[in-house]
Amino acid sequence: MDLITLARRAAELGQKEAAQKAYTLALEQQGLADVESLEAATYLFFSKGDPQVPYTILVSLYNKGTFPDMCLDLLTQGFYEPNKKMLQTRYEKNCKLLAKYPYLFRKDFLPFEKLPIRFYPYDDNGYVPFYTKEAIFGPYVNFNTPIVSRNFFRDLDQPVLADDVYSQYELEYLHDNVRKSEWVGRENHVYLHYTDWETFCAYLQCLNLWPLLKEKKLVFLIEDEIAEYPIDFKERFGIDYSQYSVKPVGIREVNRLIWHTQLSTHNGGDFFNEIMYDHPNVLSYTSIIYDDLLEEVHNLCNQLNHEHKVVIEEGFSLSVAQELHCMGHVTEKDMLVAMFLGKGDLNRNQDKAARIVPALLIQPHFYNIIFELDLDKEETAAILSSPQYKKIQESPFFREFKYLKTFTPIRRITTSYAASVRFMQENIKPGKTFPDVLMQRVLNRSFMIGPQDKLFADSVLVRFEDGKLNPKATFTALAAFLDLPYTESMTYCSGEDGQNPVSMAGNVVGFDTATVYRTYDDYADPYERALLEVLMHDIYVQYGYDFQYYKGEPVDEAWVENTLAHCTCLNQMITDSFPGAYQAKIKNMGDEAGIEFKGDTGEEALQAHIEEMNNNRRNIIKHILKGLRFVNRNGQPLHYMKQLELDPDLLEQPLYH
């Protein structure tokens with residue numbers, strides 16, 4: 001019995017829940033005919049099942065021209081009419097506010113019933129618009145989606161101008177991040193140009209304008225009024241902003257965070273920090289060990305809030321320290337901003353008279369990013385969890401910033417892997433065992449994100465190689481994504497010591513492309529690299545990297561065993577480091593790698609360790625090669641982070657592959 005038949009039978013027997021489940025599965029899995037889809041949708045609608053299922057089907061059928069009158073009637077009856085009063089009340093409130101607002105020059109608001117768009121609530125967050133003239137439903141819209149979708153601050157020579165901004169989030173973002181004219185000593189309103197008056201009126205059903213109008217920062221220009229941009233406020237309104245002096249940026253003005261993520265070690269993070277360091281609209285610093293930063297911020301907050309001690313660190317400006325003391329309770333976010341804002345050597349290039357509040361850029365650094373594989377019962381899906389990223393998700397910094405942009409540098413996997421091994425080999429301490437860096441890298445899929453992960457809602461991945469080989473195209477695009485102007489400061493690398501700093505002994509400086517092609521042959525063998533390319537095949541394809549070591553041969557059990565048998569480079573480093581760790585354990589000195597030693601001798605313990613490591617490798621490889629799906633804790637599939645798109649006209653040389 002197929003699902004639609006099963007659903008009908010359950011409905012006849014009055015088994016509502018069974019019928020709802022069967023109809024829902026039939027809609028999802030069986031490719032029903034239109035009349036059957038309507039049958040399923042109407043049953044779910046009237047039996048009060050999941051409302052979004054019939055909603056979606058009815059909208060689809062209506063837009064196809066199938067049973068349009070019935071579909072529209074059901075949608076209006078079930079979803080629009082119950083919410084009509086709320087929409088009308090909000091519309092009339094906004095009209096009343098705007099009727100008194102001095103910087104909206106048109107006041108002929110439409111009657112509610114004449115609005116060209118009806119908004120049908122879909123869920124608690126958004127609507128599906130119905131365009132009455134065209135008689136068609138548009139795509140779902142959430143006015144509070146936390147995404148800044150365009151480069152509002154591309155050019156700061158003139159006041160900010162933007163067309164048709166209908167996102168509540170973006171309107172608040174503009175309001176909160178463009179400084180008041182009185183604070184910058186010049187005309188600095190946000191000019192919002194709306195190309196169609198009736199459409200503008202229609203969106204007043206869904207927007208909350210009250211918090212945006214109180215400070216009179218916004219100027220609304222309707223249709224042809226764009227010719228008035230920018231308005232001479234002195235001539236037209238008698239307001240001369242030049243009489244005001246520039247006001248220093250306040251701690252709580254800074255509400256925009258740029259999170260420079262650490263995908264894994266040695267992905268070029270220092271290079272990107274050096275590009276951003278001197279930006280006039282960014283408060284930035286080099287990589288900071290996250291645990292150290294959190295401890296410092298927590299201690300400073302505790303001193304100020306509970307011990308009432310003066311917080312003036314070395315180089316801390318007196319004005320910022322005084323502002324902290326006048327605040328009352330100081331949060332971790334406040335203290336973090338104060339640390340960046342209050343140390344002049346960190347922001348020597350900051351534009352003190354900028355039209356916008358600077359964004360704070362932070363790269364909370366970890367010594368390594370470790371992911372664990374948590375398989376489901378069927379062992380077909382895995383949840384990736386990382387203690388390091390859990391700290392970020394629970395961080396007070398990230399929770400308290402209202403606006404967040406995230407960018408993630410990536411480098412060719414085999415190259416960043418070998419560079420990481422080199423660093424660890426050169427810095428491993430006596431008595432410590434070399435970890436299985438190979439599997440650590442295989443399990444690191446932090447470029448895959450969940451659909452509801454707020455930290456990555458507005459995120460992009462940028463390739464290290466593009467930044468080195470095509471810097472103008474890359475950093476023009478990155479500035480646009482981060483909603484910053486592309487400035488001269490992004491054409492060179494800088495740090496505390498000036499231009500072209502040396503991030504680490506032996507590293508190249510500036511835009512030297514040597515690290516694009518460096519392979520670190522002494523720190524990874526071809527078999528390890530081939531294994532990485534096979535197990536991370538999807539990443540190579542997704543982000544445009546060609547395979548250099550895997551030649552396309554069939555990957556079966558024999559291939560895996562042969563490859564593992566020849567992965568000797570890392571194994572040798574583990575073997576070489578083991579005796580010292582074993583002796584340290586014997587002497588009760590412990591081992592930070594957390595290895596449990598087995599066997600009566602060091603040789604037996606080593607063999608047991610290598611065997612356990614190889615078995616773990618085989619287990620991980622087996623699951624990945626079976627087509628393991630990666631999901632979040634709600635079982636939702638992870639998707640790849642969007643890659644930064646470069647303007648082909650700005651490329652200086654062909655894209656790296």
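Index from 1, following the sequence.
Here the side chain of Gln499 pairs no donor or acceptor atom with the backbone of Tyr492 at under 3.5 angstrom. Between the side chain of Glu533 and the main chain of Tyr550, a donor-acceptor pair closer than 3.5 Å is present. With hydrogens and angles disregarded, no donor-acceptor distance shorter than 3.5 Å links the side chain of Asp458 to the backbone of Ile147. Listed for the Gln388 side chain is a donor-acceptor partner under 3.5 Å among the backbone atoms of Ile370. Of the possible polar contacts, none joining the Glu465 side chain to the Tyr656 backbone as a donor-acceptor pair under 3.5 Å is found. For Arg355 (side chain) and Leu156 (main-chain N/O), a donor-acceptor pair under 3.5 Å exists by modelled atom type. A side-chain donor-acceptor contact under 3.5 Å links Lys405 to the backbone of Phe481. Lys217 contributes no side-chain N or O that, together with a main-chain N or O of Asn188, makes up a donor-acceptor pair within less than 3.5 Å. Listed for the Asn305 side chain is a donor-acceptor partner under 3.5 Å among the backbone atoms of Val330. For Lys468 (side chain) and Asp512 (main-chain N/O), a donor-acceptor pair under 3.5 Å exists by modelled atom type.
Remark: the Asp525 side chain and the His566 side chain contain no N/O donor-acceptor pair separated by less than 3.5 Å. In summary, the side chains of Gln653 and Asn470 do not present any donor paired with an acceptor at a separation below 3.5 Å, with no hydrogens or angles considered. Checked by atom type, the side-chain pair Tyr540/Asp546 shows no donor-acceptor distance below 3.5 Å. For the residue pair Arg441 and Ser420, a side-chain donor N or O sits within less than 3.5 Å of a side-chain acceptor on the partner. Under 3.5 Å, the side chains of Tyr173 and Arg256 contain a donor-acceptor pair of N or O atoms. Side-chain contact of Tyr486 with Thr491: a donor-acceptor pair under 3.5 Å is absent, judged by distance alone. Thr513 and Arg518 share no donor-acceptor pair across their side chains, judged by distance under 3.5 Å alone.
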- Message: Go through it in stages, so that I can follow the logic: the residues are Ser264 and Asn267, the test is side-chain hydrogen bond (donor to acceptor under 3.5 Å, both in side chains), and I'd like the CA-CA distance, side-chain angles, deciding distance and then a yes or no.
- Response: CA-CA 6 Å; Ser264 61; Asn267 269 300; 2.5 Å; yes
- Stepwise ring-ring contact (aromatic ring centres under 6.0 Å, His included) test for His537 and Phe547: CA-CA 9 Å; His537 179 280; Phe547 301 104; 4.9 Å; yes
- Tyr244 and Trp183: CA distance, side-chain angles, deciding distance, ring-ring contact (aromatic ring centres under 6.0 Å, His included) verdict: CA-CA 7 Å; Tyr244 296 94; Trp183 291 356; over 10 Å; no
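One finds the CG atom of Asn177 at 11.0 Å from the CZ atom of Arg179 (value rounded to the nearest 0.5 Å). Once rounded to the nearest 0.5 Å, the distance linking OG of Ser167 with CG of Asn144 reads 7.0 Å. Atom CZ of Arg412 is separated from atom OH of Tyr517 by 11.0 Å, given to the nearest 0.5 angstrom. Remark: Ser395 OG to Glu400 CD distance equals 8.5 Å, nearest 0.5 Å. A distance of 8.5 Å separates OG1 of Thr265 from CG of Asn444, quoted to the nearest 0.5 Å.
A search for side-chain hydrogen bond (donor to acceptor under 3.5 Å, both in side chains) contacts involving Thr406 returns nothing, not counting sequence neighbours. Checked against salt bridge (charged side-chain N to carboxylate O under 4.0 Å, His left out), Arg463 has the following partners two or more places apart in sequence or in another chain: Asp466. In terms of the salt bridge (charged side-chain N to carboxylate O under 4.0 Å, His left out) criterion, residue partners of Arg529 (sequence neighbours excluded) are, by chain and number, Asp521. The salt bridge (charged side-chain N to carboxylate O under 4.0 Å, His left out) search around Glu187 returns none, not counting sequence neighbours. Residues that satisfy the salt bridge (charged side-chain N to carboxylate O under 4.0 Å, His left out) test with Arg445, not counting sequence neighbours, are Asp538.
Side-chain contact between Ile539 and Tyr640 is present, with heavy atoms from C-beta onward closer than 4.5 Å. Contact annotation: the side chain of His279 approaches that of Leu484 to within less than 4.5 Å [non-hydrogen atoms, C-beta and beyond]. You'll find the side chain of Met641 reaches within 4.5 Å of the side chain of Thr408, heavy atoms only. Under the 4.5 Å side-chain criterion, counting only non-hydrogen atoms from C-beta, Ser459 is not in contact with Phe407.
The side chain to side chain donor-acceptor pair (under 3.5 Å) analysis of residues 149-165, with sequence neighbours excluded, yields the pairs Ser149-Glu170, Asn151-Asp483, Asp163-His193, Asp164-Thr195.
Salt bridge absent: Arg252 and Glu323 never bring a charged side-chain N and a carboxylate O closer than 4.0 Å. A salt bridge between Lys402 and Glu172 is present, with a side-chain N of the basic residue lying under 4.0 Å from a carboxylate O of the acidic one.
Enclosure of atom CD in Glu394 by more than 12 non-hydrogen atoms of other residues, nucleotides or ligands within 6.0 angstrom is indicated.
Between Phe271 and Phe475, the two ring planes are perpendicular [angle over 60°; tilted spans 30° to 60°].
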